[in-house]
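Sequence positions, counted from 1, serve as the residue numbers for this chain. Small disclaimer: the values here were computed from a predicted structure and weren't measured.
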Amino acid sequence: MRYPNGHEFEYKYLRPSQIEIDPIYQRRLRTTVVDNIVKEFNGDTFNEPKVSNRDGKYWVFDGQHTLAAWRKMNGNEDKPIYCKVFKGMTWLDECKRFIDQDGFGGDPNVRERLSAAYEAREPDVIGMVKGAELVGFKISFKNNRANKTICAVSALFKAYNKLGADAYVEMLTAIRDTWQFDPDSVSAPIINAMSTFFKTYGGNFKRGDLVNSL
């Protein structure tokens, strides 16, 4: 079966042990989400895991938590579960569908979406990362604080879209020159405030004057 603009798919039973999870674009498994699915499970509203049959393996791109809940409900036995299995998907297709997904487990959070979008080579996210690297910063989608690293990726992405590539680089350059890569200088509140300032007053001040004032 195939819907318009979609890949061919079929419904079939698979054992959880047959299904792979790609750690690059998938979120980390959350036991609280799994427990909630088990507690509130309703067969009438159950959403089958969505799986891609790629390279001779089955890859779940929507339903990792559902699979874990299914195992728990069945005493960790490897009982078959009804899945929606897609054919002809590439890794990139899976990654993009993960970004778009919704369902019982809830949308991936912004950090996970941006990480997956980066792996999928989405232009705006690539631009955000390259602009930061041009100034000397690194981006962490895993919230790993390190020297010259920005973890506030949600605020950063909003700034990139608010300002555009050139003003975004100017903003990060001002932050770097003012605070010399201090980790606290690239927190979400400062990025939000600086992006608002640049959006409001961009072109009406010299960067050196701003740095001295800050």
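The closest side-chain donor-acceptor pair between Lys162 and Thr196 falls under 3.5 angstrom. When only modelled atom types and interatomic distance are considered, Lys12 and Tyr58 share a side-chain donor-acceptor pair under 3.5 Å. A donor atom on one side chain and an acceptor atom on the other are found under 3.5 Å apart for Thr90 and Asp93.
Put simply, the side chain of Phe197 does not reach to within 4.5 Å of the side chain of Leu214, judged on heavy atoms. Annotation: side chain of Phe9 is in contact with side chain of Tyr3 (closest heavy-atom distance under 4.5 Å). Between Lys79 and Met73, every side-chain heavy-atom pair lies at or beyond the 4.5 Å cut-off.
Considering all non-hydrogen atoms of both residues, Glu48 and Cys83 come closest at CB-CA, 4.1 Å. Smallest separation of non-hydrogen atoms from Gln26 and Ile21: CG-CG2, 3.8 Å.
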Check: Can you check side-chain contact (heavy atoms from CB on, under 4.5 Å) on Ile81 and Phe46, steps first, answer last?
Finding: CA-CA 11 Å; Ile81 182 172; Phe46 171 70; 3.8 Å; yes

Verdict with reasoning, Glu133 to Arg176, per salt bridge (Lys or Arg N to Asp or Glu O under 4.0 Å): CA-CA 12 Å; Glu133 291 176 344; Arg176 178 200 66 191; over 6 Å; no

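One finds the OG1 atom of Thr178 at 9.5 Å from the CD1 atom of Ile190 (value rounded to the nearest 0.5 Å). Taking CG of Leu134 as the start and OG1 of Thr173 as the end, the distance is 7.0 Å to the nearest 0.5 Å. Residue Met128 holds its CE atom at 10.0 Å from CG of Leu172, rounded to the nearest 0.5 Å. Within the model, atoms CZ of Arg15 and CZ of Arg71 stand 10.5 Å from one another, a figure rounded to the nearest 0.5 Å. Annotation: the span from Lys138 atom NZ to Phe181 atom CZ amounts to 10.0 Å, rounded to 0.5 Å. Atoms CZ and OH, from Arg97 and Tyr25 in turn, are 11.0 Å apart once rounded to the nearest 0.5 Å.
Remark: Asp124 pairs with no residue by the salt bridge (Lys or Arg N to Asp or Glu O under 4.0 Å) rule, at least two apart or across chains.
By the 6.0 Å and 45° rule, Lys148 does not stack over the aromatic ring of Phe137. Taking the ring axis of Phe205 as reference, the NZ or CZ atom of Arg207 does not stay both within 45° of it and closer than 6.0 Å to the ring centre.
The aromatic ring centres of Phe86 and Phe61 sit less than 6.0 Å apart. Taking the centre of each ring, Phe198 and Tyr168 stay at or above the 6.0 Å mark.
A salt bridge is absent between Glu94 and Lys57: the closest approach of a Lys/Arg side-chain nitrogen to an acidic carboxylate oxygen does not fall below 4.0 angstrom.
Using modelled atom types, one side-chain atom of Arg111 and one backbone atom of Cys151 make a donor-acceptor pair closer than 3.5 Å.
In the displayed structure, Asp209 atom CG is contacted under 6.0 Å by more than 12 heavy atoms of other residues, nucleotides or ligands.
By the rule that hydrophobic residues join a cluster once side-chain heavy atoms approach within less than 4.5 Å of another member, Tyr201 and Val211 end up as members of separate clusters.
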